[in-house]
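Have a look at the structure below before the remarks.
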There are 2 protein chains.
Amino acid sequence: MASQRRLGQENSASRTALMDGVESVLRDDGYAALSARTVAERAGLKHQLVYYYFQTMDDLLMATYRRHTDRVLERIELAFRAPRPLHAVWDVWSNPVDSRLNMEFLVMANHNEAIRAATIAIGEESRRVGLERIAQLLAPTKLDGAVFNPMAVMMAISSLGGIVGLESALGISGGHAETRAMVEWCLDQLEPEVAPGVAVAGKG
Amino acid sequence: MASQRRLGQENSASRTALMDGVESVLRDDGYAALSARTVAERAGLKHQLVYYYFQTMDDLLMATYRRHTDRVLERIELAFRAPRPLHAVWDVWSNPVDSRLNMEFLVMANHNEAIRAATIAIGEESRRVGLERIAQLLAPTKLDGAVFNPMAVMMAISSLGGIVGLESALGISGGHAETRAMVEWCLDQLEPEVAPGVAVAGKG
DNA sequence: GTCTATACACCGATAGAC
DNA sequence: GTCTATCGGTGTATAGAC
C-alpha cells in the first residue's frame, strides 16, 4: 500500500507552512474547504508540494491535528500550574480563536476514523490531566465530591467554554456575559483570590 | 440574479425527500460530503431534481436548516410544558442523534452567512423561550438570581448537553456518567421530584 | 525542492427531450 | 416531474523536467 513517492524532511519550512495552511483554512472556511489547492495557496506554495511532503491529504490533516492536540495539552498542563488552575483552564477553552479550530476538529471526528481515534484520546487525556488537583480544590468545599466529580467539572468547563468561544467567534453575544459571570462565580468558590495555604509549587 | 428556471411545489414528496437526504448526509458524512449528487442518492432521486425544487444547493441547505430549527424550537417549547422543564430541556439537548446534526450546523455557521444569521436567531430564541419559567424555578432556591441568571442556566444546559451528546455519538464515554449525574443533581435542586398525586414514572 | 503537465472523478448548474 | 446530455471548474494524485 505504501507509495513509492519520495517525501520531504520533517523539519522543512514548507512542511510547517502547509500545516499552518490547514489550520488557516479550517478557521476561515471550515473543513469542507480543505483541499491541496486551498491549503497550498495559504502557504504560498503550489498544490503539488502537498504530495511531496505528505503521502495523502489525510496524512497532512492528521499531522496538523496531532500538532494541534499537542499544543492544546501543553496549554492545559500549563494552566494547571497557574495560581488559579481552573480559572486558567476556563480561559484556555473559552478562547474564541482556538474554539473554532477545536470545534471544527471535533465535528470532523464524526466522519474521519483517524481523527475520531485521536479525538477520543485527547478528550480523555485533557480531562485526566490535573484531576487530582481539582479533587484537592473540591475537597475543602461544602460541595459533595461524589456529585461534583473532578472529571465532570472538567467536562463542564471544556464544553461550556468551547461553545461560548465558538459562539463569540460567530458573533453571538446574547447570554455570554451572564454565562461568564456565572462560571467565574462558581470557579471563585473553588479558587478564592490567592490562597497562600494551598499555593502550587511551580514546577521547575 | 433570479434564475428563469421553473420550480416544483413546496408540498412535493420529492422535495421533502431531498431535505431528508440533506440531514442524512450531514449526520453520516458531514457537511463536506454535501452535494446535489449525494443528497439525491439518499432520496432515491437523480441529482438534477435538486435544481427542479431549489434554485441552488444553498437554497436546499437553508430550507433544511429552517425545518430543523423549527423542530428544535418546537421540542424546546414542548419541554417547557413538561412537569420538570429543565430536566426535559436537558434531555432534548443531550440527545446524541440530534447533537450530531446541531453541531454540524453550528460549525457550518462559521462559514455560511445565511446559516450564521439563522443560527444566531435560533440560539437566542431557544434560550429566551421559557426564561420566565426558569426564573420562577430559581427564585425559591438559595442560589443568587444575579449569578444564576436564567439565560446563563439555559446556555449551560444546551452547551453541556450538546457536547455530551456529540461525544456519545463519537463513542466517547469517559466522564459522561459523572457529568450526567452532576447535571441531574443540579437540576434536582431546582426541580425536586414532583408532589405526590402527580403521576411520575418511577425514578428510583 | 519546486515546478509543468497530465490522468480521471466529482462538483454546481443548465438545456431540453419526454 | 423526471430524465439524458453537457459545460466549465475543482478535486486527489502522479510522472517527470529542472
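Just so you know, these numbers come straight off a predicted model, no measurement behind them. Lettering of chains follows the sequences in order, A, B, ..., and the numbering in each one begins at 1.
Atom CG in A/Leu49 sits roughly 11 Å away from atom P in C/dT4 (whole-Å rounding). Here the P atom of nucleotide C/dG12 and the CG atom of B/Asn112 are 14 Å apart, to the nearest Å. In this structure, A/Glu10 places its CD atom 16 Å from C1' of C/dG1, rounding to the nearest Å. In this entry the distance linking CE of B/Met57 with C1' of D/dT10 reads 16 Å, nearest Å. Between A/Lys46 atom NZ and D/dG11 atom P there is a gap of 14 Å when expressed in whole angstrom units. Atom-to-atom, NE2 of B/His47 to P of C/dG12 comes out at 9 Å; the value is rounded to the nearest Å. Here D/dT12 presents its P atom at 16 Å from CD of A/Gln55, a figure rounded to the nearest Å. Protein atom CG of B/Asp59 is 9 Å distant from nucleotide atom P of C/dA13, rounded to whole Å.
Here CG of B/Asn102 is found 11.0 Å from CG of B/Leu26. Values are rounded to the nearest 0.5 Å.
Residue contacts shown for B/Ser12 are absent, as no nucleic acid heavy atom lies under 4.0 Å away. B/Phe54 comes within contact range of no nucleotide atom at all, as no heavy-atom separation falls under 4.0 Å. Note on B/Leu34: only backbone sugar-phosphate atoms sit closer than 4.0 angstrom, heavy atoms only; bases stay farther off.
Contact between the side-chain N/O atoms of A/Arg37 and the OP1/OP2 oxygens of D/dT10 is not found at any separation under 4.0 Å. OP1 or OP2 of C/dA13 lies within a sub-4.0 Å distance of a side-chain N or O belonging to B/Tyr51. The phosphate of D/dT12 (OP1 or OP2) has no side-chain N or O of A/Thr56 nearer than 4.0 angstrom. Not one side-chain nitrogen or oxygen of B/Ser35 sits closer than 4.0 Å to the OP1 or OP2 atom of C/dC10. Taking 4.0 angstrom as the limit, B/Ser14 places none of its side-chain polar atoms (N or O) nearer than this to OP1 or OP2 of D/dG1. Phosphate contact (OP1/OP2 of D/dT2, side-chain N/O of B/Tyr52, threshold under 4.0 Å): absent.
Using a cut-off of 4.0 Å between Lys/Arg side-chain N and Asp/Glu carboxylate O, A/Arg67 and A/Asp20 are scored as salt-bridged. Under a 4.0 Å N-O distance rule, the pair B/Glu77/B/Arg81 does not qualify as a salt bridge. Ion pairing between A/Asp98 and A/Arg71 fails under the 4.0 Å rule for side-chain N and carboxylate O. A salt bridge links B/Arg116 to B/Glu113: one of the charged nitrogens lies within less than 4.0 Å of a carboxylate oxygen.
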